[in-house]
Amino acid sequence: MSYAEEREQNIARNRAILADLGINPLRPKCEPKENLRKKVAVKKRKSPLPESDVLEEPPKKVCRIADDSNEQGGTRRSSRLAGKTIDYKQEQDRGVPEPITFKRSQKLKVGQVKSKRTYDPHMYGHIPDVEVGTWWATREDCSNASVHGPWVSGIAPGPDGAYSIALSGGYDDDVDQGYAFTFTGSGGRDLKGTKTAPKNLRTAPQSSDQTFEDRNNAALQRSVDTQKPVRVIRGFKGKARSKYAPSEGYRYDGLYLVKKAWIEKGLNKGGFLVCKFAFVRMKGQEDIPVNDGGDDESDE
């Protein structure tokens with residue numbers, strides 16, 4: 001079986017799994033269109049033209065006047081401190097600095113400010129002051145907003161399930177129907193990456209089986225049992241295969257529940273196993289906008 005044939009077979013199976021979860025009532029009859037953002041061109045500053053072609057003479061240097069107030073061998077002072085009495089002993093006594101290890105040992109509490117964040121991302125449900133549909137330009141911005149903490153990893157694990165995931169491209173046989181989607185877990189790739197892109201897990205091919213012992217996959221498996229809501233952000237990399245992905249940047253699409261977790265043969269040359277998960281969107285949230293460039297998987 002060719003790669004394309006195996007991919008279509010996997011996609012058909014994933015669509016059947018989502019259909020069994022009954023997502024049609026969640027999808028509105030009239031889906032809103034995405035509001036495209038206009039890119040503002042940055043104007044370059046023009047250097048002012050000289051009023052005349054005659055070159056001005058460079059400013060002349062002023063000779064430094066020696067300060068006779070300091071005796072030879074005395075304390076050297078700055079000219080701006082001339083005539084002032086300075087207590088150098090008090091200036092140097094700044095106290096004992098706090099150990100770095102003590103600062104690093106202080107853990108962030110819910111609602112406590114850290115870096116640019118207002119809230120701790122290690123909480124379940126919506127982040128206060130962040131509405132569904134909020135858009136960011138980068139993953140760093142998503143992290144600063146506490147919606148999805150990791151900058152690279154697609155899963156943010158927690159003790160009672162995953163806090164959030166980033167849906168951006170994913171695997172070729174994953175299906176994104178907006179109000180439900182399949183998601184492939186993490187692991188099974190060489191930590192060294194490739195020769196051209198070392199330490200890049202996204203470029204390394206699958207070299208071993210994924211398991212539920214992986215902390216990220218284990219968190220999503222716990223989400224099936226606890227039914228804790230998972231925050232989902234969608235990225236622009238998925239727009240080629242799904243009309244629900246944003247045309248650019250990243251968008252918060254609300255809370256989902258992980259309804260199913262299983263292991264199957266992955267779409268890779270080695271036939272290694274991968275962990276799969278089925279997500280369904282919770283009711284009572286803003287409709288998801290659609291783009292004009294993605295495939296309409298929901299109608300197939």
Side-chain angles (χ1 to χ4, degrees), residues 34-40 108 110 113-158 161-172 174 176 178 181-189 191 193-194 196-204 210 214-217 219-220 223 229-256 258 275 277 279 281 285-286 288-291 293-294:
E34 177 186 27
N35 293 325
L36 296 179
R37 290 164 178 79
K38 296 181 180 179
K39 294 183 179 180
V40 181
L108 184 68
V110 174
V113 177
K114 178 183 179 182
S115 184
K116 297 181 181 179
R117 294 173 179 168
T118 305
Y119 299 96
D120 186 355
H122 301 123
M123 65 171 70
Y124 295 98
H126 293 299
I127 298 297
D129 304 327
V130 179
E131 297 180 357
V132 174
T134 302
W135 180 90
W136 300 276
T138 65
R139 284 281 295 271
E140 180 183 354
D141 295 334
C142 298
S143 179
N144 291 336
S146 302
V147 174
H148 183 66
W151 288 18
V152 177
S153 176
I155 305 171
Y163 297 115
S164 59
I165 67 162
L167 191 63
S168 186
Y171 286 66
D172 287 345
D174 277 329
D176 181 11
F181 59 86
T182 59
F183 183 81
T184 304
S186 66
R189 297 175 186 263
L191 297 177
T194 60
T196 56
K199 296 183 180 180
N200 189 336
L201 305 184
R202 296 182 180 275
T203 60
Q210 291 185 1
D214 178 273
R215 65 190 299 261
N216 293 332
N217 298 335
L220 286 175
S223 296
V230 180
R231 294 186 298 274
V232 172
I233 61 170
R234 275 188 173 85
F236 67 96
K237 293 181 181 179
K239 65 182 179 181
R241 298 201 302 268
S242 174
K243 67 178 183 179
Y244 295 99
S247 298
E248 56 183 350
Y250 300 86
R251 186 185 64 228
Y252 176 46
D253 281 346
L255 302 179
Y256 287 70
V258 187
C275 297
F277 305 92
F279 285 72
R281 199 170 192 248
Q285 303 182 86
E286 292 291 329
I288 305 173
V290 296
N291 63 57

Heavy-atom closest pair, residues [X] and [Y]:
X: C142; Y: I233; result: SG-CD1, 3.9 Å
X: G154; Y: F183; result: O-CZ, 4.2 Å
X: S223; Y: V230; result: OG-CG2, 4.0 Å
X: P150; Y: R139; result: O-NH2, 3.2 Å
X: G178; Y: I288; result: O-CD1, 3.5 Å

What is the distance from atom [atom1] of [X] to atom [atom2] of [Y], rounded to the nearest 0.5 Å?
X: T182; Y: D176; atom1: OG1; atom2: CG; result: 8.0 Å
X: Y250; Y: S168; atom1: OH; atom2: OG; result: 4.5 Å
X: D253; Y: L167; atom1: CG; atom2: CG; result: 8.5 Å

Using a 3.5 Å distance criterion without hydrogens, assess whether the side chain of [X] forms a donor-acceptor pair with backbone atoms of [Y].
X: N291; Y: S247; value: no
X: R251; Y: G133; value: no
X: E248; Y: F236; value: no

Only counting residues at least two apart or in another chain, list the ones meeting side chain to side chain donor-acceptor pair (under 3.5 Å) with [X].
X: Y256; answer: R234
X: S164; answer: H148
X: Y252; answer: H126

Pairing residues for [X] by the side-chain contact (heavy atoms from CB on, under 4.5 Å) criterion, not counting sequence neighbours:
X: T134; result: V130, E131, W136
X: E286; result: V132
X: S146; result: R117, Y119, P121, I127
X: Y171; result: D173, D174, T184, R189, Q206, Q210

- Is there side-chain contact between P128 and M123, with heavy atoms separated by less than 4.5 Å? yes
- Query: Side chains of E34 and P246: closer than 4.5 Å at any heavy-atom pair?
  - Reply: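 Side-chain contact under 4.5 Å: yes.
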- Message: Side chains of D214 and S186 only: does a donor on one sit below 3.5 Å from an acceptor on the other?
- Response: yes
- How would you list, by chain and number, every residue that makes a salt bridge (charged side-chain N to carboxylate O under 4.0 Å, His left out) with D172, sequence neighbours excluded? R241
